[in-house]
Amino acid sequence: MVKAFIPILLISLGILSDLYIFHRYINFQSMWRWIWWFPAIGILCFALYFVFFGKGFGVEYNSINIFLLLIGICCIPKIIFAIFAPLPKVGTWLGIIAALGIIYIILYGITLGFSKFHFKYVTYESATVPKAFDGYRIVQFSDTHTGTFRGPYHKLLRESIDSINTLKPDLICFVGDIVNFSPEELMPHIEAYSSLRATDGVVTIMGNHDYASYINISPKERLALVNRTRELQHTFGWDMLSNTHRIIYRSNTDEKGNVHCDSIVLIGEENWGKPPFPQYGNIEQALKGLTVQDRKIITNNGQQAFSIMLSHDPNAWREHIMPIFKPEITMSGHTHGTQFSIFGWSPASMLYKEWGGIFYEKPSDSEQSTQQSILSVTTGMGGNFPFRFGMPREAVVITLKHKE
């Protein structure tokens with residue numbers, strides 16, 4: 001409902017702006033002046049089509065993207081212009097500059113902005129890191145929203161995956177939202193996803209979009225799509241953690257020549273988010289068979305185990321995970337950083353307490369506070385719409401370091 005309300009509001013404000021500009025600036029007596037209304041009429045017809053004849057986001061994804069682009073370059077700039085124009089003396093010129101700035105942001109965001117991809121490097125150093133895992137490299141990525149990589153954007157996904165493979169990681173963690181609406185989006189990219197390589201493989205979890213909850217179908221059809229999304233990721237050779245865990249073992253030889261077995265516990269849960277996002281995550285089920293004491297996982301020899309939690313929505317970290325147990329590292333995505341940032345500020349900061357980067361258990365913690373639990377939130381590799389400005393697509397590289 002909210003996603004439909006925003007375009008309706010922008011169209012309405014755009015028409016009001018058209019009226020203002022038409023009466024103030026287009027006052028010459030000619031039939032040609034009515035051409036001014038052509039874009040507004042086209043957008044309105046587009047909107048009426050979607051309301052009365054549309055088949056839904058999942059089916060008409062490309063058409064809806066064109067519709068949103070038209071709103072972006074036809075409605076928003078005129079709204080911005082109409083806000084500045086009434087200012088005395090300089091209002092018209094400020095309005096023109098601001099409107100052109102909006103058009104630049106949109107056109108840059110759907111071209112060069114969306115094509116950019118980078119790695120964010122993080123080192124987690126702690127005495128809790130098992131010696132055998134010193135230097136262990138993990139790549140975390142999320143929110144590919146594969147259906148977005150169509151047409152001119154198709155090759156970008158493969159290029160990003162190839163970049164991950166060049167790092168030769170020990171482990172790859174995908175933390176949800178592999179589709180926008182349907183598992184059919186994955187079909188053109190099966191080879192690319194299947195090419196991901198890591199020593200200990202690829203682990204994955206479900207995100208809110210992966211439950212086919214954004215298309216109007218029956219519960220039976222929805223369940224079939226969800227199962228298909230899971231099956232395809234299994235086809236890629238990925239290990240799906242659905243409220244389950246997995247233990248990775250490494251042998252370690254101490255100074256006396258004795259061989260020990262070190263381990264890392266990977267826990268993955270289904271999506272858990274604040275309403276209206278689904279809450280399928282079940283920590284107790286994911287920890288079944290493990291010993292938890294004082295919010296820490298304990299190994300068979302009574303030692304504290306190093307644990308990594310995968311949970312799509314960062315809101316789950318403080319409200320859902322930490323009250324039950326305290327993993328050393330929690331990995332999330334979901335926010336996309338709203339795919340927009342200007343002068344270091346992103347609207348995501350108004351929506352999420354933790355939205356992109358590394359966050360610590362306590363506000364006073366710093367990078368030197370290595371014993372604390374941390375949350376790593378990636379701003380994602382894709383998006384619902386192929387647009388990014390000041391928020392490039394990314395993957396996070398986390399290197400574990402044992403500290404004596």
Side-chain angles (χ1 to χ4, degrees), residues 118-142 163-175 196-203 239 241 245-268 290 294-311 314 317 321-322 325-333 354 356-379 394-404:
H118 74 170
F119 290 107
K120 185 178 293 182
Y121 292 90
V122 176
T123 299
Y124 183 91
E125 184 177 7
S126 172
T128 60
V129 174
K131 290 183 179 181
F133 288 88
D134 183 54
Y136 195 81
R137 182 180 290 183
I138 305 168
V139 173
Q140 170 196 0
F141 76 112
S142 178
S163 296
I164 291 175
N165 282 333
T166 61
L167 297 177
K168 299 187 185 325
D170 295 291
L171 176 69
I172 297 174
C173 297
F174 180 78
V175 288
L196 274 171
R197 293 288 182 271
T199 305
D200 292 313
V202 182
V203 292
D239 184 8
L241 300 180
H245 67 269
R246 169 186 165 191
I247 302 176
I248 298 175
Y249 296 98
R250 285 280 192 281
S251 60
N252 170 45
T253 304
D254 62 21
E255 298 165 349
K256 298 180 180 180
N258 300 316
V259 178
H260 304 277
C261 188
D262 290 340
S263 63
I264 285 180
V265 182
L266 299 176
I267 306 104
L290 299 173
D294 296 327
R295 292 196 300 149
K296 286 294 185 181
I297 297 176
I298 306 300
T299 62
N300 293 333
N301 60 6
Q303 300 297 314
Q304 176 182 317
F306 189 90
S307 59
I308 298 175
M309 180 78 201
L310 277 59
S311 185
W317 186 50
I321 299 169
M322 295 287 279
F325 93 110
K326 192 168 78 171
E328 275 66 34
I329 300 174
T330 299
M331 299 181 185
S332 297
E354 292 98 7
I358 300 297
F359 301 90
Y360 297 87
E361 180 183 359
K362 300 175 184 177
S364 60
D365 290 339
S366 66
E367 292 186 10
Q368 283 71 43
S369 254
T370 53
Q371 294 295 329
Q372 297 295 336
S373 177
I374 69 167
L375 169 67
S376 172
V377 185
T378 174
T379 52
E394 71 167 23
V396 181
V397 183
I398 302 176
T399 302
L400 305 182
K401 298 294 290 182
H402 175 77
K403 183 179 181 180
E404 294 292 346

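Scope of the values below: all heavy atoms of this structure, side chains included, with no hydrogens, waters or symmetry mates.
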Test your reading of the model: is there a side-chain donor-acceptor pair from His402 to the backbone of Val129, 3.5 Å cut-off? yes
Between Lys401 (side chain) and Ser126 (backbone), is there a donor-acceptor pair under 3.5 Å? no
If we only count heavy atoms from C-beta on, is the Val139 to Leu171 side-chain gap below 4.5 Å? no
Point-to-point distance, once rounded to the nearest 0.5 Å, from CG of Asp200 to CD1 of Ile172: 10.5 Å
I'd like to know if the side chain of Arg137 reaches the main chain of Leu167, judged simply by a donor and an acceptor atom lying under 3.5 Å from each other, with no hydrogens or angles considered. yes
Is the gap between the ring centers of Phe306 and Tyr124 under 6.0 Å? yes
Distance-only polar pair, side chains of Ser307 and Glu328, donor-acceptor under 3.5 Å: yes
Backbone N or O of Cys261 within a donor-acceptor pair of the Arg250 side chain at under 3.5 Å? no
Hey, can you tell me if Tyr121 and Phe119 have their rings parallel, tilted or perpendicular (30° and 60° cut-offs)? tilted
Between Gln140 and Thr378: side-chain donor-acceptor atoms closer than 3.5 Å: no
When you measure from the side chain of Gln304 to the backbone N and O of Thr128, does any donor-acceptor pair fall under 3.5 Å? no
Are any side-chain N or O atoms of Asp262 and backbone N or O atoms of Ala132, one a donor and one an acceptor, separated by less than 3.5 Å? yes
Salt-bridge contact Lys403-Asp134 (side-chain N to carboxylate O under 4.0 Å): no
